[in-house]
Participant: 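This structure is in structure tokens; I'll ask about it shortly.
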Amino acid sequence: MADQQALDEVVEFTSGLIRIDTTNRGGGDCQERPAAEYAAERLAGAGLEPVMLERTRGRTNVVARIAGTDPSADALLVHGHLDVVPAEAADWSVDPFSGEIRDGVVWGRGAVDMKNMDAMILAVVRSWARQGVRPRRDIVVAFTADEEASAEDGSGFLADEHPELFEGCTEGVSESGAFTFHDGSGRQLYPIAAGERGTGWLKLTARGRAGHGSKVNKENAVTRLAAAVTRIGEHEWPLRLTPTVRAALGELAALYGVEADFEDVDGLLRKLGPAAKLVESTVRNSANPTMLDAGYKVNVIPGEAVAYVDGRYLAGGEEEFRSTLDRLTGPDVDWEFAHHEVALQAPLDSPTYARMRAAVEEFAPEGHVVPYCMSGGTDAKQFSRLGITGYGFAPLKLPEDLDYQALFHGVDERVPVEALHFGVRVLDRFLRTA
């Protein structure tokens, strides 16, 4: 079991990483290198030989391998990203990059997404070094850049340019799973991710006839774009149940004592109450308009107007997604992928999933482990190019008054010290048995 020093270090490392500002605004100005050096130094202190790699100067990744006792076993990838989304300091109760520890809580950007998990990995690895622990299978540890944007400087670069570092890896674990979900009635759920919707970030371009704003213009690019954006935003996508989502609905229905009626999924979701939040965003594809850009002067009709849409599609749903966008944009608006990544599906009958479940149940026997599919995506998408099956497993035991999902990219992001201690214990238990 993880020792007391590991429990102390996970708090220290979470705070220390938060204090390193690795804000990723998507324009390429992020500098993960100081955080990568922080992680590499602590891996080296555990007797490992971390490799630091960059596609772009300052956009640094760290990879290290822990040798297992069974050389015939497949390797396991354990990964976390070092970058964070922006934080507007004026909106926060504390400096978002202070890493302040107050009243048993660590505050700051990255506290849940995902410097907490980075710290857990470091704490467990160092605990093993002190105790002389070796896992059964090789474990490859990776800390990546650029996850909060395109991942081109991070996991995409590693998968494409350095696949040899991940030789033998067949499965991977990373963020967004095994956290406490309180359903409001006293039940504690622990969803483990076994799937991700695909990413389809879209650029829409409408072209028309430029002209004076006072003249009649039936070829107005802004009007054409606005109509397409409205159609996309109002579109009702049909139901599409992947194996993971169907399993999640089935297990939740059994837990709440209701019929798993897959012919009336919306009705089933209503019967699940607050627990439906775990599933409702993943029973359909989606496309949400998020950005508009047109014109330069109020009395000038521009010849071009641009919009961006955050599209997501389920495994097996990309063809439907593409054909629907063709129809919704219409003949006057072109669309293309600004960023495109695959949807993922992971088996629920694997020994790895069973071991993740067992590790959570050992330290949270009152909880109920359920599978779920992430509505968004992680670095697991890029690592899937190497044939690595990805799961979401970054364990945290959270109090009822802390909305974990609202803290992702939210104001006053924070994590309780006790949640970090739970995470270290569960991650240690899982990785020892994996």
Participant: Which distance, rounded to the nearest 0.5 Å, do you find between the OG1 of Thr144 and the CG of Asp153?
Facilitator: 11.0 Å
Participant: Of the options Phe393, Phe422, Tyr404, which is the one that meets Phe179 in a ring-ring contact (aromatic ring centres under 6.0 Å, His included)?
Facilitator: Tyr404
Participant: With a 3.5 Å distance limit and no angle check, can you tell me whether Glu54 reaches the backbone of Gly58 through a side-chain donor-acceptor pair?
Facilitator: yes
Participant: Charged N to carboxylate O below 4.0 Å: is that the case for Lys381 and Asp379?
Facilitator: no
Participant: If the condition is ring pair (Phe, Tyr, Trp, His ring centres under 6.0 Å), which residues does His368 pass it with, not counting sequence neighbours?
Facilitator: none
Participant: Could you check Tyr313 against Thr199 for side-chain hydrogen bond (donor to acceptor under 3.5 Å, both in side chains), going step by step and ending with a plain yes or no?
Facilitator: CA-CA 7 Å; Tyr313 53 88; Thr199 303; over 6 Å; no
Participant: May I ask you to test the Thr329-Leu204 pair for a side-chain heavy-atom distance under 4.5 Å?
Facilitator: yes
Participant: Just by distance, with hydrogens left out, do Gln345 and Thr244 show a side-chain donor and acceptor under 3.5 Å apart?
Facilitator: yes
Participant: Could you check Ser15 against Arg19 for side-chain hydrogen bond (donor to acceptor under 3.5 Å, both in side chains), going step by step and ending with a plain yes or no?
Facilitator: CA-CA 6 Å; Ser15 177; Arg19 289 196 299 271; 2.7 Å; yes
Participant: Restricting to salt bridge (charged side-chain N to carboxylate O under 4.0 Å, His left out), what partner residues turn up for Asp428, sequence neighbours left out?
Facilitator: Arg432
Participant: Looking at every non-hydrogen atom in both residues, tell me the closest pair between Ser98 and Asp95 and how far apart they are.
Facilitator: OG-O, 2.8 Å
Participant: Any Lys/Arg nitrogen of Arg429 or Glu362 sitting under 4.0 Å from an Asp/Glu carboxylate oxygen of the other?
Facilitator: yes
Participant: So, does Asp138 use its side chain to make a donor-acceptor pair with the main chain of Ala75 at under 3.5 Å?
Facilitator: no
Participant: Looking only at heavy atoms, what is the nearest atom pair of Leu348 and Pro371, with distance?
Facilitator: CD2-CB, 3.6 Å
Participant: With sequence neighbours left out, what residues match Thr69 under side-chain contact (heavy atoms from CB on, under 4.5 Å)?
Facilitator: Arg134, Arg136
Participant: Checking Phe337 now: which residues fulfil ring pair (Phe, Tyr, Trp, His ring centres under 6.0 Å) with it, not counting sequence neighbours?
Facilitator: Trp335, His340
Participant: Count the heavy atoms of every other residue, nucleotide or ligand shown that sit under 6.0 Å from CD of Glu49, and state whether that count exceeds 12.
Facilitator: no
Participant: Tell me, please, which residues at least two apart from Ala226 pass side-chain contact (heavy atoms from CB on, under 4.5 Å).
Facilitator: none
Participant: Hey, is the main chain of Leu165 close enough, under 3.5 Å, to the side chain of Arg65 for a donor-acceptor pair?
Facilitator: yes
Participant: Is a salt bridge present between Arg126 and Asp3, judged by a nitrogen-to-oxygen distance below 4.0 Å?
Facilitator: no
Participant: With a 4.0 Å cut-off, would you call Glu320 and Arg240 a salt bridge?
Facilitator: yes
Participant: Among Arg57, Arg55, Arg59, Lys115, find the residue that satisfies the salt bridge (Lys or Arg N to Asp or Glu O under 4.0 Å) test when tested with Glu32.
Facilitator: Arg59
Participant: Would you say Glu164 has more than 12 foreign heavy atoms packed within less than 6.0 Å of its CD?
Facilitator: yes
Participant: Partners of Asp70 by salt bridge (charged side-chain N to carboxylate O under 4.0 Å, His left out), sequence neighbours excluded?
Facilitator: none
Participant: On the six-membered ring of Trp237, is Arg284 placed so that its NZ or CZ lies under 6.0 angstrom from the centre and within 45° of the ring axis?
Facilitator: no
Participant: So, for Ala380 and Gly390, which heavy atoms are closest and what is the spacing to 0.1 Å?
Facilitator: CB-CA, 4.2 Å
Participant: Provide the closest heavy-atom pair for Pro416 versus Pro399 in the form atom of the first, atom of the second, distance.
Facilitator: CG-CD, 3.9 Å
Participant: Give a yes or no on whether a salt bridge exists between Glu366 and Arg187, defined as a side-chain N under 4.0 angstrom from a carboxylate O.
Facilitator: no
Participant: Can you tell me if Arg270 uses its side chain to pair, donor with acceptor, with the backbone of Leu268 under 3.5 Å?
Facilitator: no
Participant: Any side-chain heavy atom of Arg312 sitting closer than 4.5 Å to one from Asn285?
Facilitator: no
Participant: When you look at Thr352 and Glu171, which way does the side-chain hydrogen bond (donor to acceptor under 3.5 Å, both in side chains) test go after all the steps?
Facilitator: CA-CA 8 Å; Thr352 295; Glu171 296 170 309; 2.6 Å; yes
Participant: Would you say the ring centers of Phe181 and Tyr190 fall short of 6.0 Å from each other?
Facilitator: no
Participant: Arg33 side chain to Thr60 main-chain N or O, any donor-acceptor pair under 3.5 Å?
Facilitator: no
Participant: Taking atom types as modelled and ignoring hydrogens, do the side chains of Thr378 and Glu147 form a donor-acceptor contact shorter than 3.5 angstrom?
Facilitator: no
Participant: Show me the donor-acceptor pairs, under 3.5 Å and distance only, between side chains in residues 251-263 and residues at least two apart or in other chains.
Facilitator:
from, atom 1, to, atom 2, distance (Å)
Tyr256, OH, Asp183, OD2, 2.6
Asp261, OD1, Glu263, N, 3.0
Asp261, OD1, Asp264, N, 3.4

Participant: Quick one: pull up CZ in Arg137 and CD1 in Ile66 and give me the separation to the nearest 0.5 Å.
Facilitator: 12.5 Å
Participant: Salt-bridge test for Glu9 and Arg130: reply yes if a basic N is under 4.0 Å from a carboxylate O, no otherwise.
Facilitator: yes
Participant: Return yes if some donor-acceptor pair links the side-chain N/O of Asp83 with the main-chain N/O of Asn24 below 3.5 Å, else return no.
Facilitator: no
Participant: What's the separation between atom OH in Tyr38 and atom OG1 in Thr22, rounded to the nearest 0.5 Å?
Facilitator: 12.5 Å
Participant: If you compare all heavy atoms of Pro191 against all heavy atoms of Tyr372, which two are closest, and at what distance to 0.1 Å?
Facilitator: CB-CD2, 3.5 Å
Participant: Thinking salt bridges, do Asp334 and Lys203 make one under a 4.0 Å N-O criterion?
Facilitator: no
Participant: Is the backbone of Leu7 close enough, under 3.5 Å, to the side chain of Arg425 for a donor and an acceptor to pair up by distance?
Facilitator: no
Participant: Once you round to the nearest 0.5 Å, how far does CG of Asp118 lie from CD of Glu175?
Facilitator: 9.0 Å
Participant: Name all residues meeting the salt bridge (charged side-chain N to carboxylate O under 4.0 Å, His left out) criterion together with Asp403; count only those two or more places apart in sequence or in a different chain, and write none if there are none.
Facilitator: none
Participant: Only counting residues at least two apart or in another chain, list the ones meeting side-chain hydrogen bond (donor to acceptor under 3.5 Å, both in side chains) with Glu341.
Facilitator: Gln382, Arg385
Participant: Between Glu413 and Phe408, is there a donor-acceptor pair closer than 3.5 Å when you use the side chain of the first and the backbone of the second?
Facilitator: no
Participant: Got a sec, which pairs hit ring pair (Phe, Tyr, Trp, His ring centres under 6.0 Å) with one end in residues 131-159, sequence neighbours left out?
Facilitator: Phe157-His162
Participant: Tell me, which pairs form a ring pair (Phe, Tyr, Trp, His ring centres under 6.0 Å) where one or both residues lie in residues 51-84, sequence neighbours left out?
Facilitator: His79-Phe383
Participant: What I'd like to find out is whether the side chain of Phe430 reaches to under 4.5 Å of the side chain of Val173, using heavy atoms alone.
Facilitator: yes
Participant: Donor-acceptor check, side chain of Ser127 to backbone of Ala123, threshold 3.5 angstrom: yes or no?
Facilitator: no
Participant: What pairs with Trp201 under ring pair (Phe, Tyr, Trp, His ring centres under 6.0 Å), at least two apart in sequence or on another chain?
Facilitator: His339
Participant: Heavy atoms only: give me the nearest Arg357-Val369 pair and the separation to one decimal.
Facilitator: NH1-O, 3.2 Å
Participant: Verify whether one side chain among Ser323 and Glu319 offers a donor that lies under 3.5 Å from an acceptor in the other.
Facilitator: no
